[in-house]
Amino acid sequence: MKKSDILGVKVSKYNLEETTSYLAHSIDSGQKKRVCVTPVNCILWAKNSDALKQIYNSADLVAADGMPLIWASRILSRPVNGRVTGLDLLPEFSKIAAKKKYTFFFLGASEGVASRLASKVMMENPGLEVTGTYSPPFAEKFTGEENQKIVDMINAVSPNVLWVSLTAPKQDYWIYEHFNKLNVNIAIGIGAAFDVGVGDMKRAPLWMQKLGMEWLYRLYQEPKRLYRRYLIEAPVFMPMVLKQVLKEKISKQKN
């Protein structure tokens, strides 16, 4: 798979259609894949964390979640084919899963959200089976006992796809740390997609999505939780990308 180096993180070049095809092929051929849906802030955090960077750069697929990553890839002359958000990936892949009789497990979100989402996607996609759901109690880090309980629940039904909604990068750490113990084909973290899927959280209008302003809508909804992410951390992203471009040009000239 071709990838684009953005601030040291290897971001997959696949668009939404290519990503869903990749997931389906992986399941059909009996493969096991770890997938990360990665927004700008996770790229920035990975730049300052070797552990997080290792998680992303060792993943089978790292989807570009957000238009700024698409713009950055073009500036770096390594264009990504299109953005892939968890909000889009879950409903699109559910259609494919229904036809191919794949099974899902939903892990995460607040109490009751995962089970409500399961009912909704099965109703909307006849043939799709959600074989299990679990919303663990909130914790910065789960205990060993809780982790084992989660792994046992998932392995008891061995779903084709494990969808995890624990916020990024917490969900990416959890999947990475337990991936080898999980009897699944695909393990993927999709952030707030569970809450949006059941209607507890509204998504930005399409015009805002296309203009790369979905973050502003999220900030409006959760200012206290997201102000630092979007108003303090994110603004340094493009200057850092331009710095990477300059470094690469200087390096080429020297060689």
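No more than 12 heavy atoms of other residues, nucleotides or ligands shown are found within 6.0 angstrom of CZ on Arg228.
A salt bridge links Arg203 with Asp88: the closest approach of a Lys/Arg side-chain nitrogen to an acidic carboxylate oxygen falls below 4.0 angstrom. Using a 4.0 Å cut-off between a side-chain N of Lys or Arg and a carboxylate O of Asp or Glu, Arg83 and Glu214 qualify as a salt bridge. A salt bridge between Lys120 and Glu124 is present, with a side-chain N of the basic residue lying under 4.0 Å from a carboxylate O of the acidic one. Between Arg116 and Glu111 no salt bridge is recorded (no basic side-chain N to carboxylate O distance below 4.0 Å).
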Exercise for review: Evaluate the criterion side-chain contact (heavy atoms from CB on, under 4.5 Å) for residue pair Asp200 and Phe194; output intermediate values, then yes/no.
Suggested key: CA-CA 9 Å; Asp200 287 355; Phe194 286 17; over 6 Å; no
Practice item. Take Phe142 and Leu166 through the test side-chain contact (heavy atoms from CB on, under 4.5 Å) and record every step on the way to the result. Key: CA-CA 11 Å; Phe142 299 135; Leu166 297 175; 4.0 Å; yes
Exercise for review: For Thr103 and Val157, run side-chain contact (heavy atoms from CB on, under 4.5 Å): C-alpha distance rounded to whole Å, both residues' side-chain angles, the deciding distance at 0.1 Å, then the answer.
Suggested key: CA-CA 9 Å; Thr103 58; Val157 293; over 6 Å; no
Point to revise | Audit row: Phe106, Tyr134, side-chain contact (heavy atoms from CB on, under 4.5 Å) steps and yes/no | key: CA-CA 7 Å; Phe106 292 147; Tyr134 181 57; over 6 Å; no
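Taking the six-membered ring for Trp, Phe105 and Trp163 have ring centres at least 6.0 Å apart.
One hydrophobic cluster, built from ILVMFWY side chains closer than 4.5 Å, cannot hold both Leu44 and Leu216; they sit in different ones. Linking ILVMFWY residues whenever their side-chain heavy atoms come closer than 4.5 Å, directly or via other members, leaves Met201 and Met208 in distinct clusters. A single hydrophobic cluster is not seen to contain both Leu211 and Phe237; linkage of ILVMFWY side chains at heavy-atom distances under 4.5 Å, directly or through other members, places them apart. Val37 and Leu52 are assigned to two separate hydrophobic clusters, defined by single-linkage of ILVMFWY side chains at heavy-atom distances under 4.5 Å. Both Ile6 and Ile55 belong to a common hydrophobic cluster when Ile, Leu, Val, Met, Phe, Trp and Tyr are linked at side-chain heavy-atom distances under 4.5 angstrom.
Nearest heavy atom pair, residue Ala168 against residue Trp45, reads O-CZ3, 3.7 Å. When every heavy atom of Val40 is checked against every heavy atom of Pro68, the shortest pair comes out as CG2-CB, 3.6 Å. Nearest approach of Ile190 to Gln171, heavy atoms of both residues: N-NE2, 3.5 Å. For the pair Glu18 and Lys13, the tightest heavy-atom approach, listed with the atom from each and the gap, is OE1-O, 3.9 Å. Nearest approach of Leu107 to Pro136, heavy atoms of both residues: CD1-CD, 3.9 Å. Closest heavy-atom contact between Pro126 and Ala98: O-CB, 3.6 Å.
Screening Ile175, Thr19, Val164, Leu89 for a side chain to side chain contact (heavy atoms under 4.5 Å, CB included) involving Ile188 leaves a single residue, Leu89.
Using modelled atom types, one side-chain atom of Ser21 and one backbone atom of Glu17 make a donor-acceptor pair closer than 3.5 Å. A donor-acceptor contact shorter than 3.5 Å is absent between the side chain of Asn155 and the backbone of Ser158. Checking side-chain atoms of Ser94 against main-chain N and O of Val121 turns up no donor-acceptor pair under 3.5 Å. Although no hydrogens or angles enter the test, the distance criterion places a donor-acceptor pair under 3.5 Å between the side chain of Ser135 and the main chain of Gly108. One N or O on the side chain of Ser12 and one on the backbone of Val62 form a donor-acceptor pair closer than 3.5 Å. Between the side chain of Lys32 and the main chain of Phe179, a donor-acceptor pair closer than 3.5 Å is present. When atom types are taken as modelled, the side chain of Gln244 and the backbone of Asp5 share a donor-acceptor pair closer than 3.5 angstrom.
Two residues are said to be in side-chain contact when any heavy atoms from C-beta on lie closer than 4.5 Å; Arg34 and Ser58 meet this criterion. Glu146 is listed as a side-chain neighbour of Pro137, based on a closest heavy-atom distance under 4.5 Å. Inter-residue side-chain proximity for Val11 and Ile43 is flagged as met; some heavy-atom pair is nearer than 4.5 Å. Side-chain contact between Ile150 and Met153 is absent, with no heavy atoms from C-beta onward closer than 4.5 Å. The side-chain heavy atoms of Leu69 and Val80, taken from C-beta on, include no pair separated by under 4.5 Å. Between Tyr176 and Gln54, some side-chain heavy-atom pair lies under the 4.5 Å cut-off. Looking at Pro205 and Tyr217, their side chains come closer than 4.5 Å, going by heavy atoms from C-beta outward. For the pair Trp174/Asn147, a side-chain contact is recorded, criterion being any heavy-atom separation below 4.5 Å from C-beta on.
The distance from the NZ atom of Lys243 to the CG atom of Leu7 is 10.5 Å, given to the nearest 0.5 Å. If you take NZ on Lys53 and NZ on Lys10, they are separated by 8.0 Å, rounding to the nearest 0.5 Å. The distance from atom CG of Asn160 to atom OG of Ser26, rounded to the nearest 0.5 Å, is 11.0 Å. Note: Leu162 CG to Asn183 CG = 11.0 Å, rounded to the nearest 0.5 Å. Rounding to the nearest 0.5 Å gives a distance of 4.0 Å between OG1 of Thr20 and CD1 of Ile96. Put simply, CE on Met67 and CH2 on Trp215 are 15.0 Å apart, with the number rounded to the nearest 0.5 Å.
Side chains of Gln148 and Asp152: a donor on one and an acceptor on the other come within 3.5 Å. Under 3.5 Å, the side chains of Gln31 and Asn185 contain no donor-acceptor pair of N or O atoms. A donor atom on one side chain and an acceptor atom on the other are not found under 3.5 Å apart for Asn81 and Tyr14.
The aromatic rings of Tyr102 and Phe93 lie parallel to each other, their planes meeting at an angle below 30°, with 60° marking the opposite boundary.
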